Amino acid sequence: MLEEVERWLARRSWSAADRPLDRILAAKRGAGTTVSVVLPALNEEATVGAIVATIRRELMTEAVPLVDELVVLDSGSTDRTAVVAAAAGARVVHRDEVLPRLSALPGKGEVLWRSLLVTEGDVVCFIDADLRDFSADFVSGIVGPLLTEPDVHFVKAMYDRPLGEAVGQGGRVTELVARPLLNLHWPQLAGFVQPLGGEYAARRSLLERLPFPVGYGVELGLLVDALHTVGLDALAQVDVGVRKHRHQDGRALGRMAAAIYRTAQLRLARGHLVRPALTQFERTPEGFVPRTYAVDTEERPPMAGIPEYAQRHAA
C-alpha cells in the first residue's frame, strides 16, 4: 500500500461513533448546510418503508433536524414501493417525471443522476433501498464529516457484509473485480473498504461536476472521478457497522462485473469498447443456452451542464 494511502487511512477513516449527533447538528446549524437523502428504489416494497420511517423518526424531528429532505426516486417499480415509501413519510418522485425531454435509461446511476434535479440539499446522501435492519447511523455517519470537516467532499460508508450466515463474505464483485482494478490502476483508492457500496454522501458542488454512469458502474465511476476532481484528502470513509441486504445471483453479479470493468476501461483510456456485451450460460432441459446481455455503455454528463439544472440552481 502506498505511504500516502496509509496516511489517508489514519486521517480520513472514522467510526460513526466518532461524531455524536449533537456535534454534527451544531456544525450543521453553524454553517447553515442543508442535507438531502435519496433512496433509489426498484421493487423494494419489503424494505423501503422501514428505512424511510427510521430516518423520519430519528433524523427529521424538531430535536434532531439533521435531514431536511427525504426523497425516494422510483426507478419504475411494479410493486407497491411508491405507496409504501409515501406512507412512511418520503417524497416519492418517479424517474420519468424528472427531465422528461431525455428518455430515461435503465439503471441505478440514471436515477442517482436525475435525483440532483429534484433535491435541494447542499449535501446529498445516497442510501440503497434494500437494506434490512437499517440504522440511522448509515446517514448520520457519512453525512457527519461533510458537516464537521470543510475540506472533505465525498464520504463512503464502510461495513461488514455477511453472506447468509457467513461473516464478511458479501461484496463478491468488490473482491473479485473492483478491488483488483483499483489497486492496479488507482492505487490511491486502495484504502476504501467498500468502494462499490451504495451508501455515500457528497457535496452537491462536487456531484454536479461529475459524469454518472447510468448502470452498475456508477459507484466506481464516481469514486474515481471524485479522486481526480478533488484529490484523495477530500475523500473519506466511515464505519457504520453491518450492512444486510438482498444478494444477487451469480449471473446478475457477472453483469455487474462487466459494467464495472467497462466503467474502469473508459476512465483508463476513454477508448471504444469493441464489444459492449456479455454472454453467460444457463442450463435448460436442452443443455446450456447462451444468454447475451448488453453492458451499460451510457454515461450522463455532469449535471452542472444541464440547462434545467442551471436554471433551478441559479445564484
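No hydrogens, no waters, no symmetry mates; every other heavy atom, side chains included, goes into these values. If you're wondering where the values come from, they're calculated on a predicted model, not measured in any experiment.
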Do we see a donor-acceptor contact under 3.5 Å between the side chains of [X] and [Y]?
{"X": "Asp74", "Y": "Ser77", "result": "yes"}
{"X": "Glu199", "Y": "Tyr159", "result": "yes"}
{"X": "Thr229", "Y": "Arg209", "result": "no"}
{"X": "Arg204", "Y": "Thr119", "result": "yes"}
{"X": "Thr81", "Y": "Glu45", "result": "no"}

Exercise for review: Please report the shortest heavy-atom distance between Gly107 and Ser75, naming the atom on each side.
Suggested key: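 Closest pair (atom of Gly107, atom of Ser75, distance): O-OG, 4.4 Å.
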**Study point:** Closest non-hydrogen atom pair between Thr54 and Ala136, with its separation
**Key:**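 Residues Thr54 and Ala136, closest heavy atoms: CG2-N, 4.0 Å.
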Carboxylate-amine/guanidinium proximity below 4.0 Å for [X] and [Y]:
{"X": "Glu175", "Y": "Arg179", "result": "yes"}
{"X": "Arg11", "Y": "Asp151", "result": "yes"}
{"X": "Glu219", "Y": "Lys156", "result": "no"}
{"X": "Glu149", "Y": "Arg23", "result": "yes"}
{"X": "Arg95", "Y": "Glu110", "result": "no"}

Review point. Between Arg203 and Asp122, does a salt bridge (charged side-chain N to carboxylate O under 4.0 Å, His left out) hold up when you go through it step by step?
Key: CA-CA 6 Å; Arg203 301 191 189 279; Asp122 304 309; over 6 Å; no
Exercise for review: Report the residues that fulfil ring pair (Phe, Tyr, Trp, His ring centres under 6.0 Å) with Phe192, sequence neighbours left out, ordered by chain and then residue number.
Suggested key: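 Expected list: Trp8.
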Practice item. Using a 4.5 Å cut-off on heavy atoms from C-beta on, say whether the side chain of Val93 contacts that of Val98. Key: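 Result yes, sub-4.5 Å side-chain heavy-atom pair found.
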Practice item. Would you mind reporting whether Pro187 and Leu182 have side-chain heavy atoms less than 4.5 Å apart? Key: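 They are not in contact (no side-chain heavy atoms under 4.5 Å apart), so the answer is no.
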Practice item. Show your reasoning for whether side-chain contact (heavy atoms from CB on, under 4.5 Å) applies to Arg19 and Thr148. Key: CA-CA 9 Å; Arg19 288 177 179 78; Thr148 63; 2.8 Å; yes
Practice item. Test side-chain contact (heavy atoms from CB on, under 4.5 Å) on Trp113 and Leu99 and set out the steps. Key: CA-CA 11 Å; Trp113 182 72; Leu99 206 60; 3.7 Å; yes
Practice item. Please assess Ser36 against Val123 for the test side-chain contact (heavy atoms from CB on, under 4.5 Å), listing each intermediate value before the final yes or no. Key: CA-CA 6 Å; Ser36 298; Val123 167; over 6 Å; no
Check your understanding: Just by distance, do the side chain of Arg12 and the backbone of Asp233 share a donor-acceptor pair under 3.5 Å?
Key ->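 The answer is yes, because a donor-acceptor pair under 3.5 Å joins these two groups.
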